[in-house]
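Down below is the structure, laid out as structure tokens.
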Amino acid sequence: MRINVDVNKIPYEFKLKCLGKVFTLVFKHFISNNSIYMDIIDEDEYYLLENEKLIFGRAVGCYVQKDEQNNINPHMPQAYIIPLNEHNKPCPVTLETLGTSVFLEYFEIDQNGEFVNE
């Protein structure tokens, strides 16, 4: 599934329902490096991830998605949100590219980290 972000409204936030839980995704633009950053906030308004730079091909929050024993973090959305493009060519995620040549793809995952909705 594709997450559509209206870059003209950044800072922009919306609710994302993932396997029965609701999260708030907040998108921000940092002018200093022309990059897009994202926060993930849970239903209790606790920041699970703050100022995560969107990097092409890397799942948002990948370093907190699993622990050292490969267990899924139950507090994070059980999904991968990955900036990708149609040509699979790496490029920066900026105001100019997000939504035109770079898209946020959303894949729910199971407790083993496998894709649920391929």
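Fair warning: this is a prediction, and the values are worked out from it, not measured in the lab.
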Check your understanding: Run the side chain to side chain contact (heavy atoms under 4.5 Å, CB included) check on Ile40 and Met76 step by step: do they pass?
Key -> CA-CA 8 Å; Ile40 299 177; Met76 291 293 290; 4.1 Å; yes

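The stretch residues 91-100 participates, sequence neighbours left out, in these side-chain hydrogen bond (donor to acceptor under 3.5 Å, both in side chains) pairs: Asn34-Glu96, Thr94-Glu96, Thr94-Thr97. Sequence neighbours left out, the pairs with a member in residues 10-22 that pass side-chain hydrogen bond (donor to acceptor under 3.5 Å, both in side chains) are Lys15-Thr24. The salt bridge (Lys or Arg N to Asp or Glu O under 4.0 Å) contacts involving residues 48-63 comprise Glu52-Arg58, where partners must be two or more places apart or lie in separate chains. Sequence neighbours left out, not one pair with a member in residues 42-72 passes ring-ring contact (aromatic ring centres under 6.0 Å, His included). The list of salt bridge (Lys or Arg N to Asp or Glu O under 4.0 Å) pairs with a residue in residues 81-94, not counting sequence neighbours, reads Arg2-Glu86.
Side chains of Leu48 and Ile41 form no contact here, defined as non-hydrogen atoms less than 4.5 Å apart. The closest side-chain heavy-atom distance from Leu98 to Phe103 is not below 4.5 Å. Looking at Leu54 and Ser35, their side chains never come closer than 4.5 Å, going by heavy atoms from C-beta outward. The side-chain heavy atoms of Val5 and Ile36, taken from C-beta on, include no pair separated by under 4.5 Å. The closest side-chain heavy-atom distance from Glu108 to Leu19 is below 4.5 Å. The side-chain heavy atoms of Tyr80 and Cys62, taken from C-beta on, include no pair separated by under 4.5 Å. Side-chain contact between Ile55 and Pro83: absent, with no pair of heavy atoms (C-beta onward) separated by less than 4.5 Å.
Every side chain to side chain donor-acceptor pair (under 3.5 Å) that Asp39 has, sequence neighbours left out, goes to Lys28. Judged as a ring pair (Phe, Tyr, Trp, His ring centres under 6.0 Å), and not counting sequence neighbours, the contacts of Phe30 are Tyr37.
A donor-acceptor contact shorter than 3.5 Å links the side chain of Gln78 to the backbone of Asn73.
Met38 and Ile31 are not part of a single hydrophobic cluster, where members link through side-chain heavy atoms under 4.5 Å apart. Hydrophobic clustering (side-chain heavy atoms under 4.5 Å, transitive across Ile, Leu, Val, Met, Phe, Trp, Tyr) keeps Val7 apart from Val26.
Put simply, CZ on Phe14 and CZ on Phe27 are 4.5 Å apart, with the number rounded to the nearest 0.5 Å. Within the model, atoms CG of Asn8 and CG of Leu95 stand 8.5 Å from one another, a figure rounded to the nearest 0.5 Å. Going from atom OG of Ser101 over to atom CG of Leu84 covers 12.0 Å, rounded to the nearest 0.5 Å. Atom-to-atom distance recorded for Ile3:CD1 and Leu25:CG is 6.0 Å, nearest 0.5 angstrom. Residue Asp42 holds its CG atom at 9.0 Å from NE2 of His75, rounded to the nearest 0.5 Å.
Cys91 and Val102 make their closest contact through SG-CG2, 3.2 Å (heavy atoms, listed as atom of the first residue, atom of the second, distance).
Surrounding CD of Glu43 are more than 12 heavy atoms belonging to other residues, nucleotides or ligands, all under 6.0 Å away.
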